[in-house]
Amino acid sequence: MGEPSAAGIRIRLFAGLQEQAGWAERQWTADALVEATLTPRQLWQTLQLPGELNSVRVAINQQFAAADTPLLPGDELAFLPPISGG
Amino acid sequence: MGEPSAAGIRIRLFAGLQEQAGWAERQWTADALVEATLTPRQLWQTLQLPGELNSVRVAINQQFAAADTPLLPGDELAFLPPISGG
Amino acid sequence: MSWLSYLRSAVADAEGLQLKIDLHLEAFEPLACLEQWQRQLAASGPSTNASAAESVFIGRVRAAAADGTPLLALELEHYPGMTERQLQQLATGCCARHGVGSCLVQHRIGRVLPGEAIVLVAIGADRRGPAQRCCQELLEALKHDAPFWKREWRRDGTGEWLTSNTPL
Amino acid sequence: MSWLSYLRSAVADAEGLQLKIDLHLEAFEPLACLEQWQRQLAASGPSTNASAAESVFIGRVRAAAADGTPLLALELEHYPGMTERQLQQLATGCCARHGVGSCLVQHRIGRVLPGEAIVLVAIGADRRGPAQRCCQELLEALKHDAPFWKREWRRDGTGEWLTSNTPL
């Protein structure tokens with residue numbers, strides 16, 4: 001589990017994406033956020049996550065969100081590979 | 001129950017139709033059958049059954065059938081008012 | 001338990017279809033019937049394991065008559081012989097069209113009280129689509145093409161034959 | 001009985017809707033859950049009597065993996081917190097759209113063996129159409145919009161994440 005730094009952004013990966021990336025959770029520190037708005041799309045690129053962003057779904061604070069939604073300190077961001085429930 | 005005369009035609013009514021007609025079952029004797037082909041439509045008219053024939057369904061030997069199907073001695077004919085099962 | 005009072009029971013295994021149809025003269029418990037059915041399927045061999053998809057429908061008597069007044073009971077008349085035959089034909093055809101593996105139909109006849117089950121349809125298949133579609137289609141078929149007639153008995157002692165089904 | 005090991009349970013009664021959602025870490029018995037649910041509904045007052053129409057779906061793990069080889073187990077991962085929230089939102093929305101009265105959703109997580117139940121959806125309504133449509137729609141919604149991921153474990157010890165659902 002990442003550090004409980006409420007000011008940063010908690011990033012979570014699941015299932016196949018977690019396995020491909022080799023990690024489940026990271027904390028993006030707050031000081032990297034001061035300059036400009038940060039979006040899930042930018043983080044996806046910066047973190048060099050595997051595959052295409054449009055093959056995954058983005059959730060911010062456990063709600064589906066668009067990949068260009070501005071992130072705020074304290075947000076929980078998740079990249080969700082294709083769902084296969086039920 | 002009607003007489004078990006295998007050579008005649010057993011006619012059965014159900015539910016609301018039975019109630020309106022005032023009888024559940026009749027035996028149409030075989031000797032009335034010798035002259036010409038007899039159909040459910042003709043019997044409906046001859047017996048002066050209540051309502052329109054096209055509001056009921058016809059079954060011969062417990063299978064749905066057309067109202068103009070020729071009847072044979074020994075047949076079981078039923079007039080079925082609108083179905084409401086399940 | 002009165003649900004054991006099966007009137008007639010038809011079990012078929014044509015082309016791998018596991019089929020069971022019963023008319024009940026007394027109240028039956030849908031979940032107990034389902035459980036018994038699943039045990040029966042499990043016992044009939046490892047090849048007929050629990051289906052990946054099972055679609056079930058349970059229909060019960062409403063508390064109110066069609067005109068909104070309180071319902072005392074529903075009387076369900078049938079055509080002995082033809083009803084069973086029709087149910088068998090409708091179920092076999094529907095299951096074959098959808099390629100499903102198992103089919104349970106339980107239907108009440110006689111005097112049925114509000115809240116009691118009238119009909120249970122349970123379809124087992126390898127995929128959810130065929131299971132759901134077959135369950136729906138068979139329910140409509142038996143509502144429209146199996147000889148059953150309902151008479152509503154009201155509190156005032158009057159009764160009236162229904163001439164159509166509740167709309168979908 | 002291991003099916004009692006509820007992870008989390010959400011019970012809501014918004015606008016008359018009786019809603020219960022559970023995730024199970026261990027095997028659950030769909031019919032036992034249904035029976036308990038019906039008892040709970042019956043106990044919650046005479047106004048919420050047994051629904052005239054109940055549509056139920058039970059999904060189980062197949063014996064074979066997607067590639068046809070024997071399946072050892074299915075691993076079901078979820079997103080704790082979001083999964084429960086999404087299920088709640090999907091169920092509430094779907095039930096409101098169809099105007100149904102009760103909704104039970106039970107879903108497995110963790111390691112699920114062939115034949116074991118993965119999902120149970122039970123919708124109670126006054127008419128069969130809304131019950132059936134809501135049950136189908138909610139099943140599709142939770143298959144596509146609730147964060148669950150399946151990994152197939154084969155006999156040879158290899159595992160693979162599924163990237164889509166079984167076709168309808």
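Each chain gets a letter, A, B and so on, in the order its sequence line appears, and its residues count up from 1. On a predicted model such as this, the values are computed, not experimentally measured, just so you know.
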Engineer: For D:R155 and D:T158, indicate whether the former's side chain and the latter's backbone hold a donor-acceptor pair under 3.5 Å.
Structural biologist: no
Engineer: Quick test of your reading of the model: are C:K150 and C:E77 salt-bridged, counting only N-O distances below 4.0 Å?
Structural biologist: no
Engineer: For D:A65, is there any backbone N or O sitting under 3.5 Å from a side-chain donor or acceptor partner on D:T69?
Structural biologist: no
Engineer: Let me know if D:P30 has heavy atoms under 4.5 Å from chain C in its side chain, its backbone, both or neither.
Structural biologist: neither
Engineer: Do you know which of D:G124, D:G59, D:P167 has the most heavy-atom pairs with chain C at a distance under 4.5 angstrom?
Structural biologist: D:P167
Engineer: Using non-hydrogen atoms and a 4.5 Å limit, figure out which bit of D:E140 sits close to chain C: side chain, backbone, both or neither.
Structural biologist: side chain
Engineer: Under the 3.5 angstrom rule, does the side chain of C:E116 hit a backbone N or O of C:L113 as a donor-acceptor pair?
Structural biologist: yes
Engineer: Dump the intermediate steps for side-chain contact (heavy atoms from CB on, under 4.5 Å) on D:E84 and D:H78, then the final yes or no.
Structural biologist: CA-CA 9 Å; D:E84 293 87 333; D:H78 75 302; 4.1 Å; yes
Engineer: So for D:I118, is it side chain, backbone, both, or neither that comes closer than 4.5 Å to the heavy atoms of chain C?
Structural biologist: neither
Engineer: Looking at C:D126, C:V119, C:I123, which makes the most heavy-atom pairs under 4.5 Å with chain D?
Structural biologist: C:D126
Engineer: Could you have a look at C:Q38, C:R127, C:E35 and say which one has the most heavy-atom pairs with chain D under 4.5 angstrom?
Structural biologist: C:R127
Engineer: So which part of C:P114 gets closer than 4.5 Å to some heavy atom of chain D, the side chain, the backbone, both or neither?
Structural biologist: neither
Engineer: Under a 4.5 Å cutoff for heavy-atom pairs, which residue among C:R128, C:R62, C:E54 has the most contacts with chain D?
Structural biologist: C:R128
Engineer: Can a salt bridge be assigned to the pair C:E137 and C:R97 using a cut-off of 4.0 Å between side-chain N and carboxylate O?
Structural biologist: yes
